[in-house]
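Everything on this sheet refers to the single structure shown next.
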There are 2 protein chains.
Amino acid sequence: MQQTTIVMNKCDQCIVRQLSSLKALNKDEVIKLASSKTSYKIKKGEAIFEEGEVTNGVFCIKDGVGKLSKLSANGKDQIVKLVKSGELLGQRSMISNEPANLTAKAIADMEVCFIPKTEIINFFNNNNQFSLNLMQSVCEDLKESENEKIALVQKTVKQRLAETLLHLHDEFGEDTDKTLRVQLTREELAGIIGTATESCIRLLSDFNKLGLIELVGKKIMLKDIRALKKLADN
Amino acid sequence: MQQTTIVMNKCDQCIVRQLSSLKALNKDEVIKLASSKTSYKIKKGEAIFEEGEVTNGVFCIKDGVGKLSKLSANGKDQIVKLVKSGELLGQRSMISNEPANLTAKAIADMEVCFIPKTEIINFFNNNNQFSLNLMQSVCEDLKESENEKIALVQKTVKQRLAETLLHLHDEFGEDTDKTLRVQLTREELAGIIGTATESCIRLLSDFNKLGLIELVGKKIMLKDIRALKKLADN
DNA sequence: AATATTATATGACAATTATCATCTTAATAA
DNA sequence: TTATTAAGATGATAATTGTCATATAATATT
């Protein structure tokens, strides 16, 4: 009895349970969830799943940061989305009944839990609020993807870099030294904005010289957010 | 009584009912649907809804072709997706409870039906298969959007043009004269692949000279699909 | 039919961005 | 520590693509 309570609490207190579609689950469902999940630790650089893999469930991100990306023919890694704690991973391919379309890798050490598909489908069919939440989450991803698609075409690399820096600042915040908390390599940053690594580095230098940002070793500090916003929009 | 039957048949026979998420609806639900829908005719060039508009429902496309697009600051229209008969329009913003993110316009004369949100939410909550279908449809859109996003960055304009021509051929087929059935202006085609109209025209000329396509007035005939595929992939 | 308007086409040129080479600095392994 | 490798930085150059100008063809309007 007590054991059940402990297990339930584990998921009940979890940040994913608080932030994701899973917030719609009731006590009994959380207990079921806790007993069917499995936990993993994933080191920086390691994959959670690879493109083409059949995952048969979703991953809850308890801690860390990950990237969803696709390798191109010429060996470049295009990053489609970053994910952080509180989010679910692999919803789309699970629902579509398809192998993963993208590869998920850890950018910072991660703690994740795997929830089997059967469990999720069960919640989906029996809990309207959960299915609506899940639906809205995918819809949010779709909207974001469409808008990014438009930005890729309508904005220059410079604008996209400014936009991405602001976005990273908004979503992940600052370290104590005022630099961006997410530690991306220049290559990864280039992969997000969709450009060559050298172009990305060059523009960062330009931004630095213009006083828009400051490069602290490999880390980036946003110095003039207003100017970055202006640059990104116009 | 007879009237009800007639009305039901109207929706029951409809191509949208056969192809979209609505195929999961049972007889009673179709009757409800038929009584709550309103029909419209939309002329080529006219809008079904505009970006920022609150639609409060979805549109069934009975006939015609439409485009979902967003106007950029510099006046260019980026086309995000083409829609054709059998598809639903406006699902995402309805589910997200947001105004439309994109503008929907007719490329060819359209016949559409509007279904109010209350009706859809009702089906969503009471019919698991319908909610799953709807979910899968949004997931399909998401996958496509992500893949196009990647293509926009990793492929050249030439490759994207080849890819888009093949895609249009697959999805909309040929007219009796072997040309592509969808009649897009060069400007619209440029808006899909995300390039300047002049660049698009120039590349079409190149493709023509290379024997990949043939330009029959404003219409386009694919002559060497194998070569176009090779070009698009590599 | 004549005129106006819009779409398509093409040349010339500029701007952006990618590629390749090289160098420096930082991180990691031996 | 030293050697080795990887990441970051920058110059030189080429390729791609966008912009502007202008011409022609197609369509619409009077």
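Chain A is the first sequence line, chain B the second, and so forth, proteins listed ahead of strands; every chain is numbered from 1.
When the side chain to side chain contact (heavy atoms under 4.5 Å, CB included) test is applied to A:V153, the partners found at least two apart in sequence or on another chain are B:Q78, B:L152. Applying the ring-ring contact (aromatic ring centres under 6.0 Å, His included) test to A:F114 and every residue at least two apart in sequence or in another chain returns A:F59. Under the side chain to side chain contact (heavy atoms under 4.5 Å, CB included) criterion, A:A106 pairs with A:I42, A:M110, sequence neighbours left out. Evaluation of the side-chain hydrogen bond (donor to acceptor under 3.5 Å, both in side chains) rule for B:N101 yields A:N147, B:K70 as partners, not counting sequence neighbours. For A:S145, the side chain to side chain contact (heavy atoms under 4.5 Å, CB included) partners at least two apart in sequence or on another chain are B:L142, B:S145, B:E146, B:K149. Residues passing the side chain to side chain contact (heavy atoms under 4.5 Å, CB included) test with A:D177 are A:D175, A:T179, A:K219, sequence neighbours excluded.
The CG-P distance, from A:L203 to D:dG11, rounds to 14 Å in whole Å. Atom CZ of B:R202 is separated from atom P of D:dT22 by 16 Å (rounded to the nearest Å). To the nearest angstrom, C1' of D:dG11 lies 11 Å from NZ of A:K209. Atoms NZ (B:K219) and P (D:dA26) sit 15 Å apart, rounded to a whole Å.
First and last contacting nucleotides of DNA chain C toward chain B (any atom under 4.0 angstrom from a heavy atom, 5' to 3' order): C:dA7 to C:dA12.
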Check residues 43-56 of chain A and write down every donor-acceptor pair under 3.5 Å in which the side-chain atom is one partner and the other belongs to a residue at least two apart or another chain.
residue : atom : partner : partner atom : Å
A:E46   : OE1  : A:K43   : N            : 3.1
A:E53   : OE1  : A:E50   : N            : 3.2

Please report, to 0.1 Å, the donor-acceptor pairs under 3.5 Å made by any side chain of residues 163-172 of chain A, with sequence neighbours excluded.
residue : atom : partner : partner atom : Å
A:E163  : OE2  : A:K155  : NZ           : 2.8
A:T164  : OG1  : A:R160  : O            : 2.7
A:H167  : NE2  : A:E171  : OE1          : 3.4
A:H169  : NE2  : A:E174  : OE2          : 2.8
A:E171  : OE2  : A:K84   : NZ           : 3.4

Less than 3.5 Å apart, which donor and acceptor atoms pair up between the side chains of residues 195-204 of chain B and the rest of the protein, not counting sequence neighbours?
none

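Note that the two end axes of the helix from C:dA1-D:dT30 to C:dA30-D:dT1 enclose an angle of 40°, each drawn from 5 base pairs, rounded to 10 degrees.
At D:dT16, none of the side-chain N or O atoms of B:S199 fall inside 4.0 Å of OP1 or OP2 (strictly under the cut-off).
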What pairs of nitrogen or oxygen atoms, one from the protein and one from nucleotides 7-9 of chain D, lie under 3.5 Å apart?
residue : atom : partner : partner atom : Å
D:dA7   : O3'  : A:K218  : NZ           : 3.4
D:dG8   : OP2  : A:R186  : N            : 3.1
D:dA9   : OP2  : A:R186  : NE           : 2.9
D:dA9   : OP2  : A:R186  : NH2          : 3.3

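Side-chain contact check for B:K223 and B:N208: no donor-acceptor pair (N or O, by modelled atom type) lies under 3.5 Å. Of the N and O atoms on the side chains of B:D63 and B:S85, not one donor lies less than 3.5 Å from an acceptor on the other residue.
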